[in-house]
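Notes to accompany the following structure.
Below, chain A is the first sequence line, B the second, and so on; all start at residue 1. As a basis for the values below, the full set of heavy atoms in this structure was taken, side chains included, without hydrogen atoms, waters or symmetry mates.
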Protein chains: 2
Amino acid sequence: MSDSNLALEEEECRRFQISVELAGRKWSAAILMAGARGARRFSEYRALVEGISDRLLAARLKELEQEGLIERDVQPTTPVSISYNLTPSGRQLISLLHPLVTWSRTRQSATTH
Amino acid sequence: MSDSNLALEEEECRRFQISVELAGRKWSAAILMAGARGARRFSEYRALVEGISDRLLAARLKELEQEGLIERDVQPTTPVSISYNLTPSGRQLISLLHPLVTWSRTRQSATTH
DNA sequence: TAAGCTGCTAACCATTAGTTAGCGAAACAG
DNA sequence: CTGTTTCGCTAACTAATGGTTAGCAGCTTA
């Protein structure tokens, strides 16, 4: 088995798989991008992530919060306003995924649909 | 809206989202990793990607082939042997995702489950 | 008064994932 | 010659996830 620079051990493969599948769950990447683009409030995310429904947005925000990629702050104003912010870990994740932007551009010309 | 270095335009956001969700589909990353680790035959992938079923492996290989990340070669031996190889594009994708290995390590200490 | 925004949740159907079984043809073991 | 195994799949079915629509309480705005 060759390709030594791309090969990982079992344990690392598992963690790698888990991470990619976390980021790649439907809407997750788009939500994190929205956070990076400045979204804070629920409705700002809904506006930036086009096509997502309230239900899925609420579900993903909760999930990303549990994973420590987003944090939920409740401001005790009247009425309360809730803001969702990227954590350093979440911010780092999208910056690591950023190279895929270029990759996706090169791919368009190569694909047949 | 700040975070200029992480922000993208609409169009690029869409492509970014599509790419991450492609790579992040269940088993996709693990299959590409298996290819990078040297798997060629169907059964080699099945052995390296632990937990996957025949059905899903067949489905993902077909899908990744359509996306131009893997190519399927039929050797006219008796019986025919089929080999699945990463394309340059597929190889580039996993190498771009590689930084997530380190990221996933730092995350373990920060998460609460 | 009516209408709308905010951040959700409930109820429901559609799509995707996961499990188990089996298939034809060839190789291999007895 | 007769099992049994391997290879690369597919069919049939259940479980999990995703998507759609509606609505809610508490406020603001017209």
Side-chain angles (χ1 to χ4, degrees), chain A residues 14 17-35 37-67 69-86 113, chain B residues 14 17-35 37-67 69-86 113:
Chain A
R14 256 195 301 280
Q17 185 185 348
I18 290 169
S19 298
V20 180
E21 289 176 8
L22 168 62
R25 250 187 124 178
K26 222 155 204 168
W27 305 113
S28 291
I31 290 170
L32 293 172
M33 270 304 305
R37 290 167 80 197
R40 294 289 169 266
R41 312 290 301 276
F42 189 94
S43 44
E44 289 172 0
Y45 282 91
R46 188 170 42 199
L48 280 180
V49 181
E50 69 172 308
I52 199 172
S53 67
D54 285 9
R55 199 195 88 140
L56 270 269
L57 178 55
R60 284 293 173 273
L61 285 172
K62 198 173 288 180
E63 187 175 297
L64 293 171
E65 190 197 350
Q66 278 169 6
E67 296 291 343
L69 306 184
I70 273 188
E71 66 175 0
R72 183 178 186 268
D73 295 324
V74 182
Q75 262 88 25
T77 51
T78 329
V80 293
S81 85
I82 291 151
S83 98
Y84 296 93
N85 301 290
L86 294 186
H113 63 63
Chain B
R14 255 194 302 278
Q17 185 185 346
I18 289 169
S19 298
V20 180
E21 289 175 9
L22 168 62
R25 250 188 124 179
K26 223 153 205 170
W27 305 113
S28 290
I31 290 170
L32 293 172
M33 271 305 305
R37 291 168 79 198
R40 292 289 170 265
R41 310 291 301 274
F42 191 92
S43 43
E44 290 172 358
Y45 281 91
R46 188 169 43 199
L48 280 180
V49 180
E50 68 172 309
I52 200 172
S53 66
D54 284 9
R55 200 198 87 141
L56 271 268
L57 178 54
R60 284 294 171 273
L61 285 172
K62 198 173 289 181
E63 187 175 296
L64 292 170
E65 188 197 353
Q66 276 168 7
E67 296 292 343
L69 306 184
I70 273 187
E71 64 175 3
R72 181 178 188 269
D73 295 323
V74 182
Q75 261 87 24
T77 50
T78 331
V80 294
S81 85
I82 291 152
S83 97
Y84 296 94
N85 300 290
L86 294 185
H113 64 63

Verify the contact: side-chain N or O of Arg40(A) to OP1 or OP2 of dG7(C), cut-off strictly under 4.0 Å; return yes or no.
no
Do the side-chain N or O atoms of Arg41(A) get closer than 4.0 angstrom to the phosphate oxygens (OP1, OP2) of dT6(C)?
no
side-chain hydrogen bond (donor to acceptor under 3.5 Å, both in side chains) involving [X] - partner list, sequence neighbours excluded:
{"X": "Asp54(B)", "answer": "Arg46(B)"}
{"X": "Ser53(B)", "answer": "none"}
{"X": "Arg41(B)", "answer": "none"}

Rounded to the Å, how far apart are [X] [atom1] and [N] [atom2]?
{"X": "Lys62(B)", "N": "dT16(C)", "atom1": "NZ", "atom2": "C1'", "value": "16 Å"}
{"X": "Glu50(A)", "N": "dG19(D)", "atom1": "CD", "atom2": "C1'", "value": "16 Å"}
{"X": "Glu21(B)", "N": "dT17(D)", "atom1": "CD", "atom2": "C1'", "value": "14 Å"}
{"X": "Tyr45(B)", "N": "dC7(D)", "atom1": "OH", "atom2": "C1'", "value": "16 Å"}
{"X": "Leu57(B)", "N": "dC9(D)", "atom1": "CG", "atom2": "P", "value": "9 Å"}
{"X": "Gln75(B)", "N": "dC7(D)", "atom1": "CD", "atom2": "P", "value": "15 Å"}
{"X": "Asp73(B)", "N": "dC7(D)", "atom1": "CG", "atom2": "C1'", "value": "17 Å"}
{"X": "Arg46(A)", "N": "dT21(D)", "atom1": "CZ", "atom2": "P", "value": "15 Å"}

Would you list the atom pairs, donor with acceptor, under 3.5 Å between side chains in residues 69-76 of chain A and any protein atom, with sequence neighbours excluded?
residue	atom	partner	partner atom	Å
Arg72(A)	NE	Tyr84(A)	OH	3.4
Asp73(A)	OD2	Asn85(A)	ND2	3.3

Taking all atoms of both residues into account, what is the closest heavy-atom pair of Gly35(B) and Leu86(B), and its distance?
C-CD1, 3.9 Å
Using a 4.0 Å heavy-atom cut-off to protein, can you give one letter per nucleotide of nucleotides 24-30 of chain D, 5' to 3': B if the base is in contact, S if only the sugar-phosphate is, - if neither?
---S---
Quick one, give me the B/S/- string for nucleotides 17-25 of chain C, reading 5' to 3', where B means a protein heavy atom under 4.0 Å from the base and S means that only happens at the primed atoms, P, OP1 or OP2.
BBB------
Using five base pairs at each end to define the local axes, how bent is the helix from dT1(C)-dA30(D) to dG30(C)-dC1(D), to the nearest 10°?
10°
Distance (rounded to the nearest 0.5 Å) between [X] [atom1] and [Y] [atom2]:
{"X": "Ile52(B)", "Y": "Leu61(B)", "atom1": "CD1", "atom2": "CG", "result": "7.5 Å"}
{"X": "Ser81(B)", "Y": "Arg40(B)", "atom1": "OG", "atom2": "CZ", "result": "12.5 Å"}
{"X": "Arg55(B)", "Y": "Arg60(B)", "atom1": "CZ", "atom2": "CZ", "result": "9.0 Å"}

Which nucleotide in the set dC7(D), dC8(C), dG7(C) lies at the smallest distance from any side-chain heavy atom of Ser43(B)?
dC7(D)
With a 3.5 Å cut-off and sequence neighbours excluded, list the donor-acceptor pairs that the side chains of residues 23-34 of chain A form with protein atoms.
residue	atom	partner	partner atom	Å
Arg25(A)	NH1	Glu63(A)	OE1	2.7
Arg25(A)	NH1	Glu63(A)	OE2	2.9

Can you sort out the partners of Glu50(B) under salt bridge (charged side-chain N to carboxylate O under 4.0 Å, His left out), two or more places apart, ordered by chain and number?
Arg14(A)
Can you tell if the side chain of Leu57(B) reaches within under 4.5 Å of the side chain of Phe42(B), non-hydrogen atoms only?
yes
